[in-house]
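Scroll down for the structure; my scribbles are underneath it.
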Amino acid sequence: MSSLDQWKPWVWAVFAFNCLFATVFALLCWETYRQFRNVTKSAAFAPALVDVKEWTALFDGAAVSAFFAVILVIIFTVCAIYYMIFTRKGLSHPGSRYGKGFMVALSFMTALHICNIATHFLSFSPAIKYWVTTFNVDFSRLLLTATYSFGYISTVFFLVFAFMLVIWKRTDVEILYAESPSTMSPQGTHTPRDGHDP
């Protein structure tokens with residue numbers, strides 16, 4: 001593989017892991033929410049709460065936030081594929097400042113939103129532990145742990161992707177792009193200085 005674009009496979013690898021962990025996180029959010037809704041309908045859950053509606057509203061809020069995270073991830077995936085495959089310059093081109101800036105900003109925004117959701121689910125952990133140990137409520141603490149863990153892992157990969165976009169440059173294109181206009185012929189073609197094409 002040419003060293004001129006050595007970051008490309010790494011960027012694609014991080015992007016693939018982004019999609020994987022974000023998808024798993026979304027599925028875990030849904031399963032955690034579904035399990036909570038089932039538990040609230042059981043008779044064993046009644047003594048654990050003062051007001052079931054209040055806790056249901058909290059989990060509903062987490063579910064809505066997770067839904068918006070799914071929308072953000074879909075937008076991020078579509079835009080990343082568009083800029084990395086279907087645009088003429090691509091994100092590694094030094095002239096693609098708008099596309100790269102947009103994707104870096106979108107990566108940061110998605111990472112912060114997913115981190116917020118993961119922290120939201122983490123905040124339920126003490127209550128879930130209390131319900132399970134005191135009232136023997138049938139709720140998987142391992143599922144909750146996996147949910148916010150995958151959320152934090154997904155956050156890290158989004159931040160890594162943003163960082164890699166910042167440093168991802170095509171060396172050969174950057175050299176040509178930075179050439180002085182004096183090295184160009186009137187027709188716009190490159191005129192070698194030493195009589196040899198680079």
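Residues Met109 and Ile74 do not share a hydrophobic cluster, defined by chaining ILVMFWY side chains whose heavy atoms lie under 4.5 Å apart. Taking hydrophobic clusters as Ile, Leu, Val, Met, Phe, Trp and Tyr residues chained together by side-chain heavy-atom distances below 4.5 Å, Leu112 does not share a cluster with Ile153. In the hydrophobic clustering of ILVMFWY residues, with side-chain heavy atoms under 4.5 Å counting as a link, Leu27 and Leu144 come out apart. In terms of hydrophobic clustering, with Ile, Leu, Val, Met, Phe, Trp and Tyr side chains grouped at heavy-atom distances under 4.5 Å, Trp12 and Leu20 are assigned to a common cluster.
Legend: salt bridge (charged side-chain N to carboxylate O under 4.0 Å, His left out) pairs involving residues 106-121, not counting sequence neighbours: none detected. Note on residues 115-132: no pairs pass salt bridge (charged side-chain N to carboxylate O under 4.0 Å, His left out), not counting sequence neighbours. Under the side-chain hydrogen bond (donor to acceptor under 3.5 Å, both in side chains) criterion, the residue pairs touching residues 111-127 are Thr119-Tyr152, with sequence neighbours excluded. Residue pairs that meet the side-chain hydrogen bond (donor to acceptor under 3.5 Å, both in side chains) test with at least one member in residues 13-24, sequence neighbours left out, do not exist here.
Side chains of Tyr148 and Phe124 form no contact here, defined as non-hydrogen atoms less than 4.5 Å apart.
Partners of Thr134 by side-chain contact (heavy atoms from CB on, under 4.5 Å), not counting sequence neighbours, listed by chain and number: Tyr130. Applying the ring pair (Phe, Tyr, Trp, His ring centres under 6.0 Å) criterion to Phe121, with sequence neighbours excluded, gives no partner residue. With sequence neighbours left out, the side chain to side chain donor-acceptor pair (under 3.5 Å) criterion links Thr32 to Thr147. Every residue two or more places apart in sequence or in another chain that forms a side-chain contact (heavy atoms from CB on, under 4.5 Å) with Ser140 is listed here: Gln35, Leu142, Leu143. Among residues two or more places apart in sequence or in another chain, the side-chain contact (heavy atoms from CB on, under 4.5 Å) test is passed with Ala111 by Thr155, Phe158, Leu159. Val160 meets the side-chain contact (heavy atoms from CB on, under 4.5 Å) test with Val14, Val156, Met164; sequence neighbours excluded. Under the salt bridge (charged side-chain N to carboxylate O under 4.0 Å, His left out) criterion, Arg34 pairs with Glu31, not counting sequence neighbours.
Between the Thr110 side chain and the Leu106 main chain, a donor and an acceptor come within less than 3.5 Å of each other.
Atom CZ in Phe102 sits 12.0 Å away from atom CG in Leu165 (nearest 0.5 Å). Put simply, CD1 on Ile114 and CZ on Phe76 are 9.0 Å apart, with the number rounded to the nearest 0.5 Å. Between the CZ atom in Arg37 and the CZ atom in Phe59 there is a gap of 11.0 Å [rounded to 0.5 Å]. The structure places CG of Leu28 at 11.0 Å from OG of Ser154, a figure rounded to the nearest 0.5 Å.
The aromatic rings of Phe161 and Phe15 sit tilted relative to each other, their planes meeting at an angle between 30° and 60°.
In summary, of the residues considered (Phe25, Trp10, Phe150, Phe157), a ring pair (Phe, Tyr, Trp, His ring centres under 6.0 Å) with Phe17 occurs for Phe157 alone.
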When the side chains of residues 61-73 are checked against the rest of the protein, which donor-acceptor pairs come out under 3.5 Å, sequence neighbours left out?
| residue | atom | partner | partner atom | Å |
| --- | --- | --- | --- | --- |
| Ser65 | OG | Gly61 | O | 3.1 |

